[in-house]
Amino acid sequence: MKKIAPVFILISGILWGCLGIFVRKLNAQGLYSMQIVFLRAIVACVFMGPVLVLSDLKLLVIRLKDIWCFIGTGICSIVFFNFCYFKAISMISLSIAAVLLYTAPAMVMIMSFFLFQEQFTKRKVTALILTFIGCGLVTGVLTNPGNITPAGLLTGLGAGFGYALYSIFGRYAIQKGYHTMTITFYTFLIAAAATFFLVDVPQIYTTVTENRETFWFCIALGILCTVLPYLIYTLGLQYVDNSKASIIASVEPVTAAVVGVLLFGEKMTIAELSGMMLVLLSLLICNKKGRTN
């Protein structure tokens, strides 16, 4: 399992990179950031709840003293990160939004150094530097900073911080012995509960049910871009340290950029393509076998 754990994280990043497809479709149907966060969370809960009940009821048991772990993954990470990310998608291009999200590896690396004593190895730092340069090229921060508005930049960075917190709180939950499915289920249960009071549920229900295509897009968002990637990412965290996992998952902005070009006609410059290649190179360096220094 340890050998294929990085592959799980890579697949998670690719699936997350497809989020923009569903978000833009739901935006077009009149659903916006916090409403989509709620839909994503509620579909995940409805799908996972019966699975846990049928597989092992013990997976539903958590200790009250550990609830802070799930508040961290559910509210501090999922709600905050999704709101910022979906908002960013509506303000800037998919590729820029996704790359700003991947300031997360640096945040994870720094927090993990202090909280979990994970080391700053030469390989990690090299991969992180390449990721940053790649992100700068894709977003245009290095070549044409005028393309990004301050609001778009701050929202994208907020998404990165929220995303980083999932690895931190998720690691705490793993250390306390909770199963991957338990962590994922309670993360989205708490996220759904938190956003329930922030949205117009009847209006969301009407919008989703009156259009069959919108309904199935919501289901796909909840399963393909939520349940599946979070399950296998959390599973991967059991065998891969936080900072390395966050760097591997940075394949997401590359995926989002490709989706933006192929499906939404977004332009890609040579600089942006070069940035994507640097991000991919950082993944290869991070996962190169041999010494880890």
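Position 1 is the first residue of the sequence; numbering continues from there. Note that the structure is predicted; figures quoted are calculated from it, not measured.
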Before giving the answer on side-chain contact (heavy atoms from CB on, under 4.5 Å), spell out for V208 and L31 the whole-Å C-alpha distance, their side-chain angles and the decisive distance to 0.1 Å. CA-CA 9 Å; V208 172; L31 295 169; 4.2 Å; yes
To the nearest 0.5 Å, tell me how far R171 CZ sits from C69 SG. 12.5 Å
Would you confirm whether T155, through its side chain, and G152, through its main-chain N or O, come within 3.5 Å as a donor-acceptor pair? no
Under 4.5 Å between side-chain heavy atoms, hopping through other hydrophobics if needed: is there a path connecting F161 to F116? yes
Evaluate M34 against V79 for side-chain contact (heavy atoms from CB on, under 4.5 Å), listing each step before the verdict. CA-CA 8 Å; M34 192 57 73; V79 173; 4.3 Å; yes
Write out all pairs satisfying ring-ring contact (aromatic ring centres under 6.0 Å, His included) with one or both partners inside residues 188-214, taking only residues at least two apart or from two chains. F188-Y230
Side chains of I168 and S112 in contact at under 4.5 Å (non-hydrogen atoms): yes
Is it true that L189 and I75 fall in one hydrophobic cluster, defined by side-chain heavy atoms closer than 4.5 Å? yes
Are C218 and L26 packed together at the side-chain level, in the sense that at least one heavy-atom pair is separated by less than 4.5 angstrom? yes
Quick one: do F169 and L235 end up in the same hydrophobic cluster if we chain Ile, Leu, Val, Met, Phe, Trp and Tyr together by side-chain heavy atoms under 4.5 Å apart? no
To the nearest 0.5 angstrom, please state how far the CD1 atom of I67 sits from the CD1 atom of I62. 4.0 Å
For residues H179 and M181, report the shortest heavy-atom separation together with the two atoms involved. ND1-N, 2.9 Å
Between N242, I183, V108, which is the residue that forms a side chain to side chain contact (heavy atoms under 4.5 Å, CB included) with Y166? I183
Not counting sequence neighbours, which residues clear side-chain hydrogen bond (donor to acceptor under 3.5 Å, both in side chains) with S12? List them please. none
What I'd like to find out is whether the side chain of C18 reaches to under 4.5 Å of the side chain of T255, using heavy atoms alone. yes
Among residues at least two apart in sequence or on other chains, which ones pass side-chain hydrogen bond (donor to acceptor under 3.5 Å, both in side chains) with T184? none
Pair L228-I11, side-chain contact (heavy atoms from CB on, under 4.5 Å): steps then yes or no: CA-CA 9 Å; L228 182 57; I11 294 173; 5.8 Å; no
Any link between L221 and L263 through a network of hydrophobic side chains (Ile, Leu, Val, Met, Phe, Trp, Tyr) touching at under 4.5 Å? yes
Quick check: is I174 connected to L115 through a chain of hydrophobic side chains (ILVMFWY, heavy atoms under 4.5 Å apart)? no
Taking all non-hydrogen atoms of both residues into account, name the closest pair between A191 and G74 and its distance. CB-O, 3.5 Å
Any residue meeting side-chain hydrogen bond (donor to acceptor under 3.5 Å, both in side chains) with K25, in chain and number order, not counting sequence neighbours: E213
Side chain proximity check, F113 to E118, heavy atoms < 4.5 angstrom: no
Does CZ belonging to R63 count more than 12 external heavy atoms closer than 6.0 Å? yes
Near L262 CG, under 6.0 Å, is it more than 12 heavy atoms from other residues, nucleotides or ligands? yes
Holding to side-chain hydrogen bond (donor to acceptor under 3.5 Å, both in side chains), I want the full list of residues that pass it with S77, two or more places apart in sequence or in another chain. none
Testing the basics here: between V251 and I14, what is the closest heavy-atom pair and its distance to 0.1 Å? CG1-N, 3.8 Å
Is any side-chain heavy atom of L39 closer than 4.5 Å to a side-chain heavy atom of I204? yes
Between atom CD1 of I270 and atom CG of L273, what is the distance when rounded to the nearest 0.5 Å? 8.0 Å
I219 vs I223 side-chain heavy atoms within contact, under 4.5 Å: yes
Is the shortest heavy-atom distance from the side chain of N82 to the side chain of Y85 under 4.5 Å? no
Rounded to the nearest 0.5 angstrom, the CZ-CG distance for F217 and N211 is 10.0 Å
Here the ring-ring contact (aromatic ring centres under 6.0 Å, His included) pairs for residues 48-78, sequence neighbours left out, are W68-Y172, F70-Y178, F70-Y186
Y163 vs Y233 aromatic rings, parallel, tilted or perpendicular, using cut-offs 30° and 60°? tilted
Looking only at heavy atoms, which two atoms of T180 and Q238 are closest? And how far apart? OG1-NE2, 2.8 Å
Between A245 and L237, the two heavy atoms sitting closest are CB-CD2, 3.8 Å
Kindly compute the distance separating CE (M109) from OG1 (T121), expressed to the nearest 0.5 Å. 7.0 Å
Identify the two heavy atoms, one from C76 and one from L165, that lie closest to each other, and give their separation to 0.1 Å. O-CD1, 3.7 Å
Step by step, would you call T182 with K58 a side-chain contact (heavy atoms from CB on, under 4.5 Å)? CA-CA 9 Å; T182 302; K58 292 181 180 179; over 6 Å; no
Pick out which of T206, D200, T207 makes a side chain to side chain donor-acceptor pair (under 3.5 Å) with Q203. T207
Any heavy-atom pair between the side chains of V259 and L19 that's under 4.5 Å? no
Starting at SG of C225, measure out to CH2 of W16 and round the result to the nearest 0.5 Å. 10.5 Å
